[in-house]
Number of protein chains: 2
Amino acid sequence: MGTKGENNRTRIIEAADQLFYKHGYNQTSFSDIADITGIPRGNFYYYFKTKDDILAAVVETRVKQYREALVTCDNASDNPGKRLHAFLDIMAGSEDSVVDTGCPIGSLCVELAKDTEALQTKSREVFVLLRDWMSRQFEEIGLVDANDKAMDLLSRMQGTALMACTFKDSAYLHRSVGDLKNWINNLVLSES
Amino acid sequence: MGTKGENNRTRIIEAADQLFYKHGYNQTSFSDIADITGIPRGNFYYYFKTKDDILAAVVETRVKQYREALVTCDNASDNPGKRLHAFLDIMAGSEDSVVDTGCPIGSLCVELAKDTEALQTKSREVFVLLRDWMSRQFEEIGLVDANDKAMDLLSRMQGTALMACTFKDSAYLHRSVGDLKNWINNLVLSES
DNA sequence: TGAAATACTAGACGGTCGTATGACTTTTGT
DNA sequence: ACAAAAGTCATACGACCGTCTAGTATTTCA
């Protein structure tokens with residue numbers, strides 16, 4: 001009962017996830033996904049009605065993955081500042097791909113900002129998840145403008161990824177992540 | 001001698017400039033440009049051998065435009081901090097389009113980061129211009145790490161544009177620009 | 001077991017893409 | 001005035017796009 005079907009569906013999503021990241025949503029064709037998975041191009045309609053449906057599925061798995069990553073950050077420490085550091089380490093840890101291709105979330109949102117509103121709303125979902133989690137951390141620190149700080153941190157991480165990728169500069173990436181950690185530490189100190 | 005030819009060439013570049021911003025490079029077709037300019041699709045080969053050539057021409061006009069904008073900033077004040085404020089005001093002034101479509105430079109670089117290296121190098125040119133100008137301002141302020149600060153400012157502006165666009169939040173755009181002005185002011189104070 | 005339901009496949013459709021060509025028209029220089 | 005050069009144009013190419021459908025295999029369950 002659909003065991004192979006579910007398997008194929010998952011493989012399509014995984015291949016699309018990588019290709020959307022490496023080449024962008026619009027620059028990824030059904031043929032590209034077919035070449036990687038070995039599933040004939042024509043079959044895709046069975047698993048997904050439209051290309052947009054594949055994007056939705058990809059975003060949903062990304063949300064799930066980041067949710068799990070945030071749980072790991074939550075378990076990393078009972079200190080909210082340290083938890084935010086742990087999240088920053090995720091970006092620093094994927095240094096190579098960030099310098100090469102940028103942030104998977106940010107670059108998708110930038111691309112789809114020029115597309116339909118439906119795709120914008122969908123691609124934004126991961127950012128909403130991260131912003132709300134960050135906001136909770138800053139709240140726990142004791143900041144009254146926790147949501148503003150969450151936007152600032154997300155913003156600065158995105159700027160960092162964009163610059164590091166554009167200038168192919170991993171040294172900048174690490175320096176900037178260090179600066180952000182110091183910025184968080186100072187926020188913690190100012191509240192204690 | 002080539003008066004109409006130059007005119008058509010210019011009109012193609014102007015239309016492409018807008019379309020590359022509004023819909024992205026890859027999502028802009030020759031037909032789109034033809035529809036706006038009224039120049040038949042088939043004629044483009046006469047003015048530009050390839051689509052990449054159009055991009056190069058667009059980037060070159062953008063470099064020229066930003067160079068002029070920087071001259072205006074240079075003339076705005078003999079205080080480098082104030083000159084950087086003037087540059088930030090350019091972004092704040094185009095609030096609507098930034099929230100709607102993002103930063104024209106940043107979104108182009110993000111898109112082409114997933115394309116050939118030649119296009120990446122070309123699209124980066126505007127950023128190089130801005131970074132070097134900013135670096136000169138920070139140098140004049142007296143900072144020893146002027147180039148780092150230039151990267152930081154560019155980075156934070158890009159993050160700001162990306163978040164404002166993704167969340168369709170012009171209030172965040174203005175708050176963040178204000179924060180950046182304060183950040184610059186503090187850098188000036190720390191050196192005086 | 002066998003017919004209905006479900007899972008899967010592959011070929012093909014209409015459309016659009018970037019590019020190229022060859023002919024026509026206008027401008028230029030002598 | 002008239003050839004050469006520059007500019008303009010319609011048409012078409014081969015490739016690829018996302019989508020669809022007619023058909024085959026497989027599973028389900030009375």
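In the text below, chain A, chain B and the rest are named by the order of the sequence lines, each starting its count at 1.
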> Rounded to the Å, how far apart are A:L19 CG and D:dC17 P?
Replying inline: 12 Å
> Between C:dT9 atom P and A:N7 atom CG, what is the distance in whole Å?
Replying inline: 11 Å
> Does a nitrogen or oxygen in the side chain of B:Y47 sit under 4.0 Å from OP1 or OP2 of D:dA6?
Replying inline: no
>> Can you give me the closest heavy-atom contact between B:N26 and A:Q27, atom names plus distance?
In response: CB-OE1, 3.2 Å
> In whole Å, what is the span from the CG atom of A:D115 to the P atom of D:dG18?
Replying inline: 13 Å
>> Nearest whole Å is fine: how far is C:dT16 P from B:I33 CD1?
In response: 17 Å
> Can you tell me how far OG1 of A:T10 sits from OH of A:Y47, rounded to the nearest 0.5 angstrom?
Replying inline: 10.0 Å
> Counting side-chain heavy atoms from C-beta on, which of D:dG18, D:dC17, C:dC17 comes nearest to A:S31?
Replying inline: D:dC17
>> For A:Y25 and B:G38, find the nucleotide of DNA chain D closest to each by heavy atoms; which residue's nucleotide sits nearer the 5' end?
In response: B:G38
> How would you list, by chain and number, every residue that makes a side chain to side chain contact (heavy atoms under 4.5 Å, CB included) with A:S190, sequence neighbours excluded?
Replying inline: none
>> Using whole Å, what does the distance between atom C1' of nucleotide C:dA20 and atom CG of B:D53 come to?
In response: 15 Å
> Between B:N8 and D:dG7, is there a side-chain N or O to OP1/OP2 distance below 4.0 Å?
Replying inline: no
> Which of these nucleotides, C:dC17, D:dG18, D:dT8, is closest to any side-chain atom of B:S29?
Replying inline: C:dC17
> So, B:D100 and B:S97: side-chain donor and acceptor under 3.5 Å apart, yes or no?
Replying inline: no
>> Without decimals, in angstroms, what is the distance between A:I54 CD1 and D:dC17 P?
In response: 13 Å
>> Under 6.0 Å from the ring centre and within 45 degrees of the ring axis: does the NZ or CZ of A:K51 meet both conditions for the six-membered ring of A:Y25?
In response: yes
>> Please report the interatomic distance CD1(A:I141) to CG(A:N79), rounded to the nearest 0.5 Å.
In response: 7.5 Å
> Rounding to a whole Å, what distance do you find between A:L119:CG and D:dG18:P?
Replying inline: 13 Å
>> What is the distance, to the nearest angstrom, from the CG atom on B:N26 to the P atom on C:dG18?
In response: 9 Å
Polar atom pairs (N or O), protein with nucleotides 20-25 of chain D, under 3.5 Å:
| from | atom 1 | to | atom 2 | distance (Å) |
| --- | --- | --- | --- | --- |
| D:dC20 | N4 | A:G42 | O | 2.9 |

> Do any pairs count as a side chain to side chain donor-acceptor pair (under 3.5 Å) and have a residue in residues 53-62 of chain A, sequence neighbours left out, and if so which ones?
Replying inline: A:D17-A:R62, A:E60-A:K122
